[in-house]
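Below: one structure, written as structure tokens.
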Amino acid sequence: MQDTPNKEVNGVNVTALNETIEAVKGDHAIAKFIFQANNQWLGGALNRTTINDYYGALEHQTRENPFVFDNDEPPVLLGEDRGANPVEFLLHGLAGCLTTTLAFHAASRGIEIEAISSELKGDLDLRG
């Protein structure tokens, strides 16, 4: 039996993507993921989030290297600008989710994409 090479579109391993889709069709529990973030306040507006463990593909997963993010506020909001603020992190998350979803759906259909870009804005009213 000869190994067939993995098909790749838009930097996505479409062979593995299709295998994942079929596995989820066979066992819906594989599709359940739980992500978590652990946060610690460091003073003022500064706090740090560590992202490491998550549950997915029916088991607990641990990354080899955790992700660590600091968030703060700009000086006009009484911070020291030592990291993006929470609204900016939310915008980053939304942009990443939309972009990844678009690239993966296109790849699964064999559609090659040359570029994806987006601009998101988030309103904040200090009055709550």
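Here the structure is a predicted model, which is why all the values come from computation and not from measurement.
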**Request:** Take Thr49 and Val68 through the test side-chain contact (heavy atoms from CB on, under 4.5 Å) and record every step on the way to the result.
**Result:** CA-CA 6 Å; Thr49 300; Val68 179; over 6 Å; no
**Message:** If I compare all heavy atoms of Ala31 with all of Val24, which pair ends up nearest, and what's the gap?
**Reply:** CB-CG1, 3.8 Å
**Within one Ile-Leu-Val-Met-Phe-Trp-Tyr cluster: Leu126 and Val76, side-chain cutoff 4.5 Å** = yes
**Message:** Can you give me the closest heavy-atom contact between Gly11 and Glu8, atom names plus distance?
**Reply:** CA-OE2, 3.6 Å
**Item:** Short side-chain to backbone donor-acceptor contact, Gln61 and Gly56, under 3.5 Å
**Value:** yes
**Message:** Do Asn18 and Glu22 have side chains that approach each other closer than 4.5 Å (heavy atoms only, starting at C-beta)?
**Reply:** no
**Item:** Smallest separation among heavy atoms of Ile30 and Ala23, with atom names
**Value:** CD1-O, 3.6 Å
**Request:** Sort and list the pairs that fulfil salt bridge (charged side-chain N to carboxylate O under 4.0 Å, His left out) and have at least one residue in residues 35-58, not counting sequence neighbours.
**Result:** Arg48-Asp70
**Message:** Are Arg63 and Asn65 packed together at the side-chain level, in the sense that at least one heavy-atom pair is separated by less than 4.5 angstrom?
**Reply:** no
**Audit row: Asn39, Asn47, side-chain hydrogen bond (donor to acceptor under 3.5 Å, both in side chains) steps and yes/no** = CA-CA 7 Å; Asn39 184 269; Asn47 56 90; 2.8 Å; yes
**Item:** Spatial distance of atom CG (Leu42) from atom CZ (Arg82) [nearest 0.5 Å]
**Value:** 8.0 Å
**Asked** Can you tell me if Asn10 uses its side chain to pair, donor with acceptor, with the backbone of Ile111 under 3.5 Å?
**Response** yes
**Message:** Is there a side-chain contact between Asn85 and Asp72 in this structure, where contact means two heavy atoms from C-beta onward sitting under 4.5 Å apart?
**Reply:** no
**Request:** For side-chain contact (heavy atoms from CB on, under 4.5 Å), just list the numbers for Leu98 and Leu102, CA-CA rounded to whole Å, side-chain angles, deciding distance to a tenth of an Å, and then say yes or no.
**Result:** CA-CA 6 Å; Leu98 293 171; Leu102 178 62; over 6 Å; no
**Prompt:** What's the spacing between Tyr55 OH and Gln36 CD if we round to 0.5 Å?
**Reply:** 13.5 Å
**Item:** Whether Asp125 side chain and Arg127 backbone form a donor-acceptor pair below 3.5 Å
**Value:** yes
**Prompt:** Any side-chain heavy atom of Asn38 sitting closer than 4.5 Å to one from Gln40?
**Reply:** no
**Complete:** In short, Ile113 meets Ala103 closest at the heavy-atom pair CD1-CA, 4.2 Å
**Item:** Note, Asn52 side chain near Thr62 side chain (heavy atom, < 4.5 Å)
**Value:** yes
**Message:** Would you say that Pro75 contacts Asp81 through its side chain, given a criterion of any heavy-atom pair below 4.5 Å between the two side chains?
**Reply:** yes
**Complete:** On a heavy-atom basis, the closest approach of Ser108 and Leu17 is CB-CD2, 3.7 Å
**Message:** For Val9 versus Gly110, what's the shortest heavy-atom pair and its separation?
**Reply:** CG1-C, 4.3 Å
**Request:** If a pair satisfies ring-ring contact (aromatic ring centres under 6.0 Å, His included) and one of its residues is in residues 102-128, list it, with sequence neighbours excluded.
**Result:** none
**Request:** For the residue pair Glu73 and Pro86, establish whether any side-chain heavy-atom pair is separated by less than 4.5 Å.
**Result:** yes
**Request:** Please lay out, stage by stage, how Ile51 and Phe69 fare under the test side-chain contact (heavy atoms from CB on, under 4.5 Å).
**Result:** CA-CA 8 Å; Ile51 298 173; Phe69 302 99; 3.7 Å; yes
**Prompt:** Is Phe89 close to Asn71 at the side-chain level, that is, under 4.5 Å between some pair of heavy atoms?
**Reply:** yes
